[in-house]
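Atom set for the values below is all heavy atoms of this structure, side chains included, hydrogens, waters and symmetry mates excluded. Start at 1 with the first residue, then count along the sequence.
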Amino acid sequence: MIESLRLRNFKCFTDTTIQFAPLTLLAGMNAAGKSTTIQSLLILRQSHLRGMITHSELLLNGTLTNVGTARDVLNQDAANSQIAFDLTDTAGRVGHFPFQFDREQRDAYILTAETRPRYETEINLFLPQFNYLNAERVGPRLLYPMADLRGTSIDVGIRGEYAAHVLARYRDEPIACSDLALINPERGEVSRTVEAQTRYWMSTFIPNFDIKIEELTAADQVQVMLRTGSREYVRPTNIGFGIIYTLPIVVAALVAPPGSLLIVENPEAHLHPAAQSRIGMFLAQAAAAGIQVVIETHSDHVLNGIRRSVRNGILSPEQMSIIFFVSAGQVLLPQIDTDGRIEPWPDGFFDQMEKDLMELF
């Protein structure tokens, strides 16, 4: 698992090291570096997948993320022209990625390195199984596309567009992390298939959730029908955004093997506060089961769901890293204890409700 990431002269970072854990929560102000941290990982992965890093190249615009041109990624206060990324993982593996900003090529979409980057492909960022879910996910649709599910990588798509197909294809397979299995709260049964566990977990966010999926192979599409307690299944377009935005998170975690990396932006999107808390608990349990989870969130409910998981002994404090971005490129590291308490509690860290209530009352 990734242990640390050092960013130098990349966008808002002059020289900052981010500490990771099995569960890493990125929180803080807008335009302070949360998305940039994730983007740094994504450009490294997309460059690796294209075989470009071995040719001393870094792809700034690709299938996982688009960060613009060379001039867009060089920190405005950079003391030199080197943009560098340094990775370490818990097994002692390292990755050193130094690239040069060429002022004559400042509108280029590729950075080049004077010396060949050195890295070990066993770092989980570069392993075949990986899922990243963008904040802007695909909403309710009548049909969803099919994915290319050949090989060892099971990809729900950066917008969750392939989640339905992944669920249909692997519905009868056991989930990859057996410790993530949930007992059916209604019948007390434990089926560890991807389809059953999707139903169990989705029901903790959306009561009485049920799903029916049909592969329309002649059209390379997947049809999804949903219900939440009613007798009839309905189209996703008649049931709202919350279910469809949450489904890819659950499916991605259930097919993720131990040690793999799952990155989720804004897991709280379109969810009721109670469900936001529960998605935090779900992701905490995924991390406890052995999946490395990175969350970017603005939700105190997601945070509190994770805190409850720590208090209940599901996740240890050592398994969690909180990164609070206070301003562009500047971070604080609040610590969590076994009771789920956070010390110190920085000003501006999920405290707006208290500030508003003090003014109201």
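- Panel note: side chain H55, backbone E57; no donor-acceptor pair is recorded below 3.5 Å.
- Taking OG of S327 as the reference point, atom CG of L332 lies at 8.5 Å (rounded to 0.5 Å).
- Through chains of ILVMFWY side-chain contacts below 4.5 Å, L59 is grouped with M52, I110.
- T297 places a side-chain N or O within donor-acceptor distance of the main-chain N or O of S299, the cut-off being under 3.5 Å.
- Shown here are the side chain to side chain donor-acceptor pair (under 3.5 Å) partners of D347, two or more places apart in sequence or in another chain: K355.
- Under a 3.5 Å cut-off, the side chain of Q46 and the backbone N or O of T65 do form a donor-acceptor pair.
- Among H301, R307, R308, the single residue meeting the side-chain hydrogen bond (donor to acceptor under 3.5 Å, both in side chains) criterion with N304 is R307.
- Under the 30°/60° scheme for interplanar angles, the aromatic rings of Y119 and H48 are found to stand perpendicular.
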Please report, to 0.1 Å, the donor-acceptor pairs under 3.5 Å made by any side chain of residues 241-255, with sequence neighbours excluded.
{"from": "Y245", "atom 1": "OH", "to": "R137", "atom 2": "N", "distance (Å)": "3.4"}
{"from": "Y245", "atom 1": "OH", "to": "R137", "atom 2": "O", "distance (Å)": "2.9"}
{"from": "T246", "atom 1": "OG1", "to": "G242", "atom 2": "O", "distance (Å)": "2.7"}

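- Rounding to the nearest 0.5 angstrom, the gap separating the CG atom in N208 from the CZ atom in R227 is 9.5 Å.
- Across all their heavy atoms, S260 and Q129 have their closest contact at CB-O, 3.7 Å.
- From D148, atom CG reaches atom NE2 of H165 across 9.5 Å, with rounding to the nearest 0.5 Å.
- Here the side chain of R278 pairs no donor or acceptor atom with the backbone of F282 at under 3.5 angstrom.
- Taking Ile, Leu, Val, Met, Phe, Trp and Tyr as hydrophobic and joining them when side-chain heavy atoms fall under 4.5 Å apart, one finds V190 in a cluster with I183.
- Here the side chain of E296 pairs no donor or acceptor atom with the backbone of A27 at under 3.5 angstrom.
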Name each donor-acceptor pair under 3.5 Å that joins a side chain in residues 11-25 to protein atoms two or more places apart or in another chain, with its distance.
{"from": "K11", "atom 1": "NZ", "to": "Q39", "atom 2": "OE1", "distance (Å)": "2.6"}
{"from": "D15", "atom 1": "OD1", "to": "R6", "atom 2": "NE", "distance (Å)": "2.9"}
{"from": "D15", "atom 1": "OD2", "to": "R6", "atom 2": "NH2", "distance (Å)": "2.7"}
{"from": "T16", "atom 1": "OG1", "to": "G329", "atom 2": "O", "distance (Å)": "3.1"}
{"from": "T24", "atom 1": "OG1", "to": "A21", "atom 2": "N", "distance (Å)": "3.0"}
{"from": "T24", "atom 1": "OG1", "to": "A21", "atom 2": "O", "distance (Å)": "3.3"}

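- In this structure, the salt bridge (charged side-chain N to carboxylate O under 4.0 Å, His left out) partners of E215, at least two apart in sequence or on a different chain, are R169.
- With respect to S4, the side-chain hydrogen bond (donor to acceptor under 3.5 Å, both in side chains) criterion is satisfied by exactly one of D89, D86, T88: T88.
- The six-membered or imidazole ring of F85 lies near that of F10, with a centre-to-centre distance under 6.0 Å.
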